[in-house]
Amino acid sequence: MNKKKIFNDPVYGFVTIPTELLFDLIEHSYFQRLRRIQQLGLTMFVYPGALHTRFHHALGAMHLMSLALRTLKDKGVAITAREGEAAQAAILLHDIGHGPLSHALERSIFHGVDHEQISLHLMRKLNAEFDGALDLAIEIFQGTYHRPFFHQLVSSQLDMDRLDYLNRDSFYTGVQEGRPGADRLIKMLTVVDEKLVLEEKAVYSIENFLVSRRLMYWQVYLHKTVTSAEQMIIRIMQRAQELTRAGHKVPASPALHFFLAKAVTQAEFEADDAILRRFARLDDTDVWSAVKLWADHPDKVLNYLSQSILDRHLFKISLQTEPFEEDFQIGIVELIAERFGLTHDDAAQLMIAGRISNNAYDADGQDTIDVLTKRGRVVNVAEASDLPNIKALGQRVEKHYICYPKEIL
């Protein structure tokens with residue numbers, strides 16, 4: 001069987017699957033599950049075109065990795081075929097541990113477990129199936145390989161993951177200002193002392209990339225309406241868990257019901273293959289099917305939240321730079337209790353307060369974006385004298401929000 005397939009990607013055009021191992025990984029059921037998980041969760045409530053999947057993103061990131069490796073080879077960086085395949089496998093599988101609706105429900109399925117930890121566990125399971133073929137890919141993914149630039153291509157402040165999701169998400173949302181200029185950035189990559197750097201002439205492209213990232217976060221990922229929708233689906237899942245664990249009947253698929261009924265830890269997940277099999281069957285379909293059922297549930301809170309999200313009757317959301325005063329929050333809860341005839345505790349379920357924050361670049365972190373000057377020095381891009389914007393983009397912006405039903409206005 002010819003496994004060097006070509007697929008037509010809406011963002012990049014024709015993309016090749018270069019090796020048999022990568023083809024077999026894509027064909028695996030763990031990876032095929034990503035077809036059923038939307039890349040941007042509930043962002044389609046604001047941007048109707050944002051319906052692409054984690055499957056799209058993973059293939060696109062693999063393609064950008066192949067371009068980056070080719071650029072580095074052309075500049076004299078020694079990269080073996082084994083290293084190149086491992087780097088592409090690492091980026092291909094970097095999101096394989098995502099649960100339903102991507103980031104929206106990441107903390108609702110497991111107790112304090114990031115999708116990166118689940119991805120690593122799934123990679124190890126795949127490695128066992130493929131007789132150790134992913135040994136090097138796992139080293140690169142974890143950052144333990146002795147050539148750190150490979151890990152930087154997979155996970156850093158300017159990696160193939162970020163370049164693809166900014167490219168792809170701006171394409172599908174129609175937010176053209178979010179395009180990061182990936183082609184030029186990749187062409188400017190090079191390696192010094194086994195670390196990834198960019199040529200000095202890329203500094204303005206880096207600035208454009210960081211501006212694009214800041215814009216996409218506030219205009220797309222942290223858009224206030226998207227935040228409202230995501231907080232509602234999180235609260236729906238929390239309420240369903242509370243009812244299930246209190247002994248109430250909450251209909252759901254077998255896979256989803258298991259995670260509603262039991263608080264699974266990372267240790268339990270890794271120790272019990274039965275939990276892994278249930279997780280591998282869990283995707284967006286389970287969540288939306290359950291929400292449709294819960295819209296008729298006798299519990300008023302679950303019923304109201306589920307019907308509201310189905311009808312896109314989203315909570316009113318207000319944002320400000322300071323936390324909302326406790327008296328104001330108590331007043332909101334009292335209005336909800338009066339309007340819906342709920343107890344104080346149940347009414348509190350329909351008021352959600354929290355905060356969102358982002359900085360486009362962490363100039364003081366260990367993982368900086370470094371530039372190779374014409375004099376041969378490697379410097380943090382934030383130190384470039386004529387780029388004050390980059391220092392400004394490194395400042396964290398924080399906003400506090402409160403969400404509640406519009407009926408109480």
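It should be emphasised that the depicted structure is a prediction, and the values quoted were computed from it without experimental measurement. Position 1 is the first residue of the sequence; numbering continues from there.
With no hydrogens or angles considered, a side-chain donor-acceptor pair links Asp169 and Tyr221 at under 3.5 Å. Counted by atom type alone, His57 and Asp161 present one or more donor-acceptor pairs between their side chains at under 3.5 Å. Side-chain contact check for Ser357 and Arg396: at least one donor-acceptor pair (N or O, by modelled atom type) lies under 3.5 Å.
Listed for the Tyr361 side chain is a donor-acceptor partner under 3.5 Å among the backbone atoms of Ile369. Remark: the backbone N or O of Pro254 is not paired with any side-chain donor or acceptor of Arg278 at under 3.5 angstrom. Formation of a donor-acceptor pair under 3.5 Å by the Ser212 side chain with backbone atoms of Arg179 is found in this model. When atom types are taken as modelled, the side chain of Asp95 and the backbone of Ala58 share no donor-acceptor pair closer than 3.5 angstrom. Of the possible donor and acceptor atoms, none in the side chain of His28 sits under 3.5 Å from a partner among the backbone N and O of Leu25. Within the 3.5 Å criterion, the main-chain N or O of His146 finds no donor-acceptor partner in the side chain of Glu194.
No more than 12 heavy atoms of other residues, nucleotides or ligands shown are found within 6.0 angstrom of CD on Glu325. The number of heavy-atom neighbours closer than 6.0 Å to CG of Asn8, taken from other residues, nucleotides and ligands shown, is above 12. Other residues, nucleotides and ligands contribute only 12 or fewer heavy atoms inside 6.0 Å of the CD atom of Glu326. Annotation for Glu322: atom CD does not count as buried by contact number, only 12 or fewer foreign heavy atoms lying within 6.0 Å.
In this pair, Phe328 and Phe324 present their aromatic rings parallel. The plane angle is below 30°, not in the 30 to 60° band. Classification of the His52-Tyr172 ring pair by plane angle, with boundaries at 30° and 60°, yields parallel.
A salt bridge links Asp273 to Lys125: at least one charged side-chain nitrogen sits closer than 4.0 Å to a carboxylate oxygen. Between Glu270 and Arg124, no side-chain nitrogen of the basic residue sits less than 4.0 Å from a carboxylate oxygen of the acidic one, so the salt-bridge criterion is not met.
The side-chain heavy atoms of Val291 and Ile233, taken from C-beta on, include a pair separated by under 4.5 Å. Considering only heavy atoms from C-beta on, Tyr401 stays 4.5 Å or farther from Leu222 through its side chain. Leu153 has its side chain out of reach of Ile91: every pair of non-hydrogen atoms, C-beta onward, lies at least 4.5 Å apart. You'll find the side chain of Thr227 stays beyond 4.5 Å of the side chain of Leu319, heavy atoms only. Looking at heavy atoms from C-beta onward, His121 lies in side-chain contact with Phe269 at the 4.5 angstrom threshold. Looking only at side-chain heavy atoms (C-beta outward), Leu92 and Phe31 come within less than 4.5 Å of each other. When side chains are defined from C-beta on, Ser102 does not count as touching His115, because their heavy atoms never get closer than 4.5 Å. Counting heavy atoms from C-beta outward, Glu199 and Leu372 have side chains that stay 4.5 Å or more apart.
Taking CE of Met160 as the start and NE2 of His94 as the end, the distance is 11.5 Å to the nearest 0.5 Å. Rounding to the nearest 0.5 Å places CG of Leu42 at 5.5 Å from CE of Met44. In this structure, Gln32 CD and Asp283 CG are separated by 12.0 Å, a value rounded to the nearest 0.5 Å. In this structure, Asp159 CG and Tyr165 OH are separated by 7.5 Å, a value rounded to the nearest 0.5 Å. Rounded to the nearest 0.5 Å, atoms CG (Leu34) and NE2 (His98) are 9.0 Å apart. For the atom pair CZ of Phe55 and CD of Gln39, the computed distance is 13.0 Å after rounding to the nearest 0.5 Å.
Nearest heavy-atom pair across Phe209 and Pro180 is CD1-CB, 3.7 Å. When every heavy atom of Phe141 is checked against every heavy atom of Ser119, the shortest pair comes out as CZ-CB, 4.2 Å. Here the closest heavy-atom approach between residue Phe259 and residue Arg245 is recorded as O-NH2, 3.3 Å. For the residue pair Asp284 and Gln38, the shortest heavy atom distance occurs at OD2-N, 2.9 Å. In terms of heavy-atom proximity, Lys195 sits nearest to Pro148 at CG-CG, 4.1 Å. Nearest heavy-atom pair, Gly178 versus Leu215, reported as atom, atom and distance to 0.1 Å: N-CD2, 4.3 Å.
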Kindly list each side-chain donor-acceptor pair under 3.5 angstrom involving residues 344-353, sequence neighbours excluded, with atom names and distances?
residue, atom, partner, partner atom, Å
Asp346, OD1, Arg239, NH1, 3.4
Asp346, OD1, Arg239, NH2, 3.1

Under 3.5 Å donor-acceptor pairs involving side-chain atoms of residues 306-316, not counting sequence neighbours:
residue, atom, partner, partner atom, Å
Ser306, OG, Leu302, O, 2.8
Gln307, NE2, Asp311, OD1, 3.2
Gln307, NE2, Asp311, OD2, 3.0
Ser308, OG, Tyr304, O, 2.7
Arg312, NE, Phe45, O, 2.8
Arg312, NH2, Phe45, O, 3.0
His313, NE2, Glu407, OE2, 3.2

Steps toward side-chain contact (heavy atoms from CB on, under 4.5 Å) verdict (Leu59, Asp9): CA-CA 9 Å; Leu59 292 177; Asp9 182 80; 5.7 Å; no
Salt bridge (charged side-chain N to carboxylate O under 4.0 Å, His left out) evaluation trace for Arg281 with Asp286: CA-CA 9 Å; Arg281 291 185 175 274; Asp286 297 83; over 6 Å; no
Derivation of the side-chain contact (heavy atoms from CB on, under 4.5 Å) call for Lys201 and Arg184: CA-CA 10 Å; Lys201 56 188 173 182; Arg184 177 166 172 78; 4.1 Å; yes
Step-by-step side-chain contact (heavy atoms from CB on, under 4.5 Å) determination, Tyr404 to Leu409: CA-CA 9 Å; Tyr404 49 85; Leu409 293 175; 3.7 Å; yes
CA sep, side-chain torsions, deciding dist, call: Val381, Asp370, side-chain contact (heavy atoms from CB on, under 4.5 Å): CA-CA 5 Å; Val381 68; Asp370 293 332; over 6 Å; no
Derivation and outcome, salt bridge (charged side-chain N to carboxylate O under 4.0 Å, His left out), residues Glu27 and Lys3: CA-CA 10 Å; Glu27 288 285 282; Lys3 295 185 178 182; over 6 Å; no
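Each of Thr225, Thr173, Leu40 was compared with Tyr47 under the side chain to side chain contact (heavy atoms under 4.5 Å, CB included) criterion, and only Thr173 meets it.
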